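As a basis for the values below, the full set of heavy atoms in this structure was taken, side chains included, without hydrogen atoms, waters or symmetry mates. Chain A is the first sequence line, chain B the second, and so forth, proteins listed ahead of strands; every chain is numbered from 1. Remember, predicted model here, so these are calculated numbers, not experimental data.
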Amino acid sequence: MPWPIYLALKQLFPSGKRISLFFVMSVCGVMLGVMLLVIVESVMGGFGETYRKKIVDTSGHLQIKTNGVMYDADTVLNLLSRQPEIKGAAPFAGGVVMLQNGSHPAFPFVRGIDINLESTVISIDKFLVVGKIDDLDDDSVFLSSSLATSINARMGSTVDVYTPIMLEKLKSDEVLLPRELNVTGIYQTGWNDFDSNTMIVTLRLMQDLYNLSDAVHGISIRLHDGVDEFKFAETISLDLPEDYRAVTWMEMYQDFLWVLQLEKNLMFFLLIFIVLVAAFVIAIAQLLTVIRKTREIGLLSAIGARPIHLMACFCFQGFFIGVCGTILGIISAMTALHFRNGIIDWFAGITGSREALEKFYQFSELPVHYSMTDFLVISISALVLSTLAGLVPAWRASRLNPADALRNE
Amino acid sequence: MPYGMSKDNNILSARRLFKAYYIGDSKIDVLIEVNLNIDRGESVSIRGESGCGKTTLLNILAGIERPNSGAVNWKGKNIFTQKPAQMADWRSIFFGIIFQSYYLIPELNALENVYMPARIRGELGIPEENRAHNLLERVGLRKRMKSSATTLSGGERQRVAIARALMNKPAVIFADEPTGNLDEKNGEGIMDLILDICEEENTALVLVTHNKKFANRTDRQFSLHESKLENIS
Ligand SMILES: Nc1ncnc2c1ncn2[C@@H]1O[C@H](COP(=O)(O)OP(=O)(O)O)[C@@H](O)[C@H]1O
Ligand SMILES: [Mg+2]
């Protein structure tokens with residue numbers, strides 16, 4: 001072992017004595033910073049992952065879209081059915097209607113689905129709290145849980161639907177008759193966008209309501225596991241007719257996902273300051289050590305230590321503190337995350353915020369996603385900052401004049 | 001060894017050393033035209049009042065401090081023409097230094113302190129380990145090898161420092177008032193040890209001391225008086 005590293009380690013772990021308190025304090029600083037960074041980034045990553053999964057579960061991997069309505073969905077579906085990467089594809093039509101249950105109105109987004117094909121893309125059955133997919137026919141409707149609550153509808157209720165087309169008719173003094181639909185199912189996906197204000201009807205009904213005849217608004221696609229949806233979107237776009245696009249789930253929710261990523265990056269930026277403060281702690285502790293050890297540094301120099309090696313000795317201490325702090329930080333963060341549900345229960349218990357947590361985030365458990373990139377970025381930042389912190393005292397140590405240092409009584 | 005050795009035997013020679021410290025505008029002359037030759041294996045003592053510049057002279061001879069002018073030649077080559085890193089290597093190979101206040105590294109035990117010069121020189125191995133052991137035994141600390149430097153008494157610390165100075169088999173040992181912090185009895189023991197070991201290892205010794213009795217035991221005696229070095233043997 002080169003002597004600067006040997007001596008650095010000895011100064012941190014002296015022979016036959018207790019471990020240096022400076023070392024413990026400095027490591028704690030780095031550890032706290034790294035721990036917080038790992039926890040926050042992993043939880044934010046967990047939210048991101050959960051949202052991404054929910055988006056794919058409720059929208060499919062891709063959607064084929066065109067400007068306005070799609071008249072030749074069958075041709076496209078035919079083309080898609082020849083792609084081995086595709087597990088399922090289903091046409092859909094969507095739009096806003098007015099819904100009324102007694103005196104309770106709402107303006108939900110309607111999704112018209114092809115009952116035979118839909119389940120190959122989105123398993124609505126899985127999301128149905130009550131009812132079965134087979135219960136959906138041209139005279140019935142599935143409501144999202146929040147929508148059902150807000151218009152006070154339940155299974156078996158009859159709701160009235162008014163469409164924009166009806167308004168057009170109203171202008172030409174025609175009689176306005178709402179479409180009466182039976183509530184035969186209520187669903188909850190866990191994805192707020194869907195649960196708050198949507199309803200599902202058959203594609204045929206939606207085409208009827210919107211006067212679309214045979215046309216649809218798009219085709220949603222689910223790919224086989226392991227297929228890269230972004231690459232596939234590029235290749236399939238080449239085969240599609242002009243004006244048709246394959247839009248990935250990421251593009252559909254681009255803004256939302258961008259904000260999510262921004263939040264995560266901002267948290268990193270804010271929390272890295274804790275590590276920066278820890279770096280100052282290291283710098284001060286090491287500077288004190290250099291001053292305390294002035295005469296020993298003079299001695300080492302007198303018995304033949306090169307200035308650059310003296311510098312390496314103190315610089316290595318900063319680096320080593322960084323290594324210990326980072327490792328301990330990651331370990332303690334992962335331990336805390338492992339027991340997160342207990343911790344959250346306790347926290348929600350004393351603040352009475354469990355319900356708000358579930359309502360806002362739609363998750364009853366705190367999601368966590370460990371990302372190698374996050375770990376690397378956090379570790380490297382912590383190591384670079386601690387080593388830089390050790391550099392200033394190290395430079396001072398190497399610049400000491402041995403004769404003056406030895407006279408320093 | 002007798003005074004006036006042949007030129008071939010000379011290893012270290014100081015030529016016309018001048019050293020002054022500047023404090024603000026005032027100038028303190030510490031060394032004025034100091035010349036000194038040291039031969040292989042000989043012992044030399046330097047006496048003088050406190051503050052007369054003995055430590056300064058020793059530091060310059062050992063290449064720790066630079067003179068204002070003059071040269072310290074090692075086998076004919078001025079050591080101050082080298083870069084700091086080379087000078088450090090030089091000190092590590094040829095010189096051993098013993099200070100008044102020991103300067104052991106407190107985080108290391110006795111053996112590790114003695115071994116440190118070998119580490120710095122980059123020569124680690126069984127022979128070096130054996131030498132460190134033997135030196136500690138020689139200075140009478142066989143039982144304290146694993147003791148932390150901070151648990152040793154003053155006399156014991158100076159013994160460790162002596163062993164450390166000898167670790168790399170230096171050609172010259174510089175000892176700056178090695179008994180200055182010790183009581184009379186301990187001091188005598190240490191002085192015997194230094195003189196005997198240097199004799200055994202055929203190492204030249206430059207000894208700075210207040211004590212006339214100790215000084216008289218060296219081959220040649222000098223006195224530093226009013227910035228000049230005089231031979232008084
Ligand atoms: N770095 C320095 N700056 C200014 N004066 C110094 C410095 N080092 C030593 N001196 C002065 O030089 C003189 C000689 O010091 P020193 O060599 O330590 O004497 P000695 O070892 O004989 O007691 C003293 O007067 C001391 O105050
Ligand atoms: Mg002195």
Side-chain angles (χ1 to χ4, degrees), chain A residues 1-24 285-286 288-314 316-317 320 395 397-409, chain B residues 19 21 55-56 58-60 62-67 83-124 145-151 161 164-165 167-168 170 174 176:
Chain A
M1 190 190 309
W3 76 262
I5 294 180
Y6 165 80
L7 194 63
L9 290 176
K10 277 291 176 189
Q11 292 195 340
L12 302 175
F13 309 101
S15 293
K17 281 201 279 182
R18 260 180 300 155
I19 163 175
S20 144
L21 197 61
F22 277 149
F23 172 68
V24 174
Q286 287 298 106
L288 273 173
T289 307
V290 168
I291 292 167
R292 216 159 34 101
K293 295 193 173 300
T294 297
R295 291 187 305 162
E296 283 160 47
I297 293 166
L299 170 99
L300 288 168
S301 180
I303 66 173
R306 291 185 183 188
I308 187 83
H309 289 157
L310 282 170
M311 184 149 169
C313 175
F314 284 92
F316 179 78
Q317 293 185 29
F320 188 72
W395 183 76
S398 75
R399 291 290 306 260
L400 282 175
N401 174 346
D404 293 341
L406 287 167
R407 277 185 205 278
N408 186 305
E409 289 284 322
Chain B
K19 178 75 184 180
Y21 289 111
T55 297
T56 307
L58 206 70
N59 284 347
I60 292 174
I64 293 171
E65 198 165 4
R66 281 174 182 276
K83 294 202 177 81
Q86 279 176 297
M87 271 176 76
D89 293 348
W90 190 281
R91 291 196 292 269
S92 143
I93 297 169
F94 297 114
F95 300 154
I97 305 182
I98 302 167
F99 298 94
Q100 179 175 348
S101 354
Y102 334 122
Y103 296 145
L104 299 187
I105 294 173
E107 289 88 2
L108 305 182
N109 65 30
L111 189 61
E112 289 162 343
N113 263 292
V114 174
Y115 202 44
M116 200 63 208
R119 285 188 184 279
I120 289 179
R121 195 173 161 186
E123 300 203 342
L124 308 168
M145 286 194 195
K146 302 277 175 191
S147 300
S148 160
T150 47
T151 63
R164 178 176 65 188
M167 181 64 215
N168 285 346
F174 298 95
D176 189 356

At a 4.5 Å cut-off on heavy atoms, which part of [X] comes close to chain A: side chain, backbone, both, or neither?
X        : result
B:Pro106 : both
B:Ala85  : both
B:Ile93  : neither
B:Thr150 : side chain
B:Arg121 : neither
B:Phe174 : neither

With a sphere of 6.0 Å drawn around CH2 of B:Trp90, does it hold more than 12 non-hydrogen atoms of other residues, nucleotides or ligands?
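Check passes, neighbour count above 12.
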Above 12 or not: heavy atoms from other molecules or residues under 6.0 Å from CD1 of A:Ile308?
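Count not over threshold, so no.
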Please report the shortest heavy-atom distance between B:Ser148 and A:Ser15, naming the atom on each side.
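It is CB-O, 4.1 Å.
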Just give me the residue among B:Asp89, B:Asn109, B:Asn59, B:Thr56 that pairs up with chain A most often, heavy atom to heavy atom, under 4.5 Å.
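Winner by heavy-atom pair count: B:Asp89.
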Could you pull out all donor-acceptor pairs under 3.5 Å where a side-chain atom in residues 296-304 of chain A meets a protein atom, sequence neighbours excluded?
none

Taking side-chain contact (heavy atoms from CB on, under 4.5 Å) as the definition, give me every residue that meets it alongside A:Tyr6, ordered by chain and number, with sequence neighbours left out.
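A:Tyr6 satisfies side-chain contact (heavy atoms from CB on, under 4.5 Å) with A:Met1, A:Lys10, B:Leu108, B:Glu112, B:Met116, B:Arg119 only.
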Between A:Pro307, A:Ala403, A:Pro402, who has the most heavy-atom pairs with chain B when the cutoff is under 4.5 Å?
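Looking at each of A:Pro307, A:Ala403, A:Pro402 in turn, A:Ala403 comes out on top.
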Taking atom [atom1] of [X] and atom [atom2] of [Y], what is their separation to the nearest 0.5 Å?
X        : Y        : atom1 : atom2 : result
B:Ile120 : A:Leu310 : CD1   : CG    : 7.5 Å
A:Leu12  : B:Glu107 : CG    : CD    : 9.0 Å
B:Ile97  : A:Leu406 : CD1   : CG    : 8.0 Å

Check whether any side-chain heavy atom of B:Ile105 lies under 4.5 Å from a side-chain heavy atom of A:Leu7, and answer yes or no.
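The answer is yes, as the side chains (C-beta and beyond) meet within the 4.5 Å cut-off.
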